[in-house]
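As structure tokens, the structure follows; a few thoughts come after it.
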Amino acid sequence: MKKSKKRIVILGSTGSIGQNTLEIVRLFPDKFEVVGLSAGKNTGLLAEQIEEFQPVLVAVETEADAQKLRKRFSKSPVKVLSGETGLREVASLSRADLVVSAITGIAGLRPTLAALEKGKDVALANKESMVVAGDFLRKIAARTGARIIPVDSEHSGVFQCLNGQKKKFLRRVYLTASGGPFLKVPIKDLPNKSCGEALQHPRWKMGKKVSIDSATLMNKGLELIEARWLFDLKPDQLDVLIHPQSIVHALVEFKDGSVLAQLSQTDMKIPILYALTYPDRLESPLPSLDLTAVKNLEFYPVEKERYPLFALARRALETGLSFPVVLNAANEVAVEAFLEEKISFGQIYSVVDYCLQSHRAVSINSLEDIFVIDQETRNKARQYLRLKGKQK
Ligand SMILES: NC(=O)c1ccc[n+]([C@@H]2O[C@H](COP(=O)([O-])OP(=O)(O)OC[C@H]3O[C@@H](n4cnc5c(N)ncnc54)[C@H](OP(=O)(O)O)[C@@H]3O)[C@@H](O)[C@H]2O)c1
């Protein structure tokens, strides 16, 4: 009997992960069918994607953009929605088998929740959702039977190493970090590094927000919190190693001292492909790993003075409660201000530190608590930035 195609929805299809996912669909047209797409503002690219992949449902941020697309595709069966409601509708499309969650920031949380509530398997790239609401997402998935399959290369690595292993034998998990573009820069020069320099990631080509988070190493801090929830680990079971070659993505140490590692070429299409096919694997035309060409695999501890934001993230991981929500919201506001060249690289730390210092950790009892604390923190961070702007 002919096997049917896996029907996928891609939230954030115009972004780096979204476009890489569509590359996989191009490579395996007989395996996957795109049924839903969502974009923010890049309606030009979304229109090209609609023409090529013929989804039944798409969503964009504004109603004005949705109207333009409806006009353009008036002869096509595609339905165009807008705003948060539209996004949620695409995320919970009944005919979808898998939803790729690849929107940046907390904007990805509500659609990810909607997909899990509908019992859809989620290939999760949007780490911010797990950081702020990991416990809720896990419980919803357990209730509805949905699976959360990691897309982040490090988490995909851990996921693969843990496959078939008993959790009680696990000792520790290491995520690797390339160290970003400032691994070798003198620490005294870091506060004034420009946006252009911070966006030059040495190994991965990614969206702007995650690239800046990689330069500060906040990205790895967020990933530790993501891993804490994805794999149900204690904070002291999680660690990070600087590994400039980005070939080993994760290592899992067991109680008997044995360590399993996951290695691959530095190409996000590899973990995306695994998330799309899990638990199966497809014969892939993506490049194989040649370790004789790589030659050296180096590992270093994280330098605290070089990456002060990582220490804040570690503290949020250990404190738990509302701290990860504050960490994430303050960081999103600070990175946006840095990308708009309103603050220096060094001030990203000041904003996040200020918001955490002035917050008294409280327990999170509902999803609504998360949105309230997120909004309060954003207001506080913006107020701090306005005050600092006036003091200049
Ligand atoms: N890139 C990587 O290699 C990588 C690796 C691991 C994990 N991740 C994670 O994956 C997520 C996506 O990263 P990315 O690098 O693909 O980001 P990106 O290139 O900036 O793309 C983000 C996508 O989300 C959409 N979007 C942003 N804000 C939105 C909003 N408020 N409402 C609706 N749509 C919105 C964007 O739409 P428009 O562009 O149309 O506005 C775009 O499609 C992040 O959480 C990141 O940490 C990325």
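Whatever order the structure lists them in is the order used to number ligands and atoms, beginning at 1.
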Side-chain atoms of residues 80-90: list all donor-acceptor pairs with protein atoms under 3.5 Å, sequence neighbours left out, distances to 0.1 Å.
residue: Ser82; atom: OG; partner: Glu63; partner atom: OE1; Å: 2.6
residue: Glu84; atom: OE2; partner: Arg88; partner atom: NH1; Å: 3.1
residue: Glu84; atom: OE2; partner: Arg110; partner atom: NE; Å: 3.0

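The immediate protein surroundings of ligand 1, defined as residues with any heavy atom under 4.0 Å of it, consist of Gly12, Ser13, Thr14, Gly15, Ser16, Ile17, Ala39, Gly40, Lys41, Asn42, Glu61, Ala102, Ile103, Thr104, Ala107, Ala125, Asn126, Lys127, Glu128, Asp152, Met206, Gly207, Val210, Met268.
With respect to the salt-bridge test (charged N to carboxylate O, under 4.0 angstrom), the residues Asp189 and Lys193 do not qualify.
Sorted by first and then second residue, the pairs that involve residues 146-168 and meet ring-ring contact (aromatic ring centres under 6.0 Å, His included), not counting sequence neighbours, are Phe159-Tyr278.
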- Message: Is there a side-chain contact (heavy atoms from CB on, under 4.5 Å) between Glu117 and Ser92? Walk through the geometry before answering.
- Response: CA-CA 8 Å; Glu117 277 291 358; Ser92 44; over 6 Å; no
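Between Phe345 and Phe182, the distance separating the two ring centers is shorter than 6.0 angstrom.
Listed by chain and residue number, Gln49 satisfy the side-chain hydrogen bond (donor to acceptor under 3.5 Å, both in side chains) test with Ser13 (two or more places apart in sequence, or in another chain).
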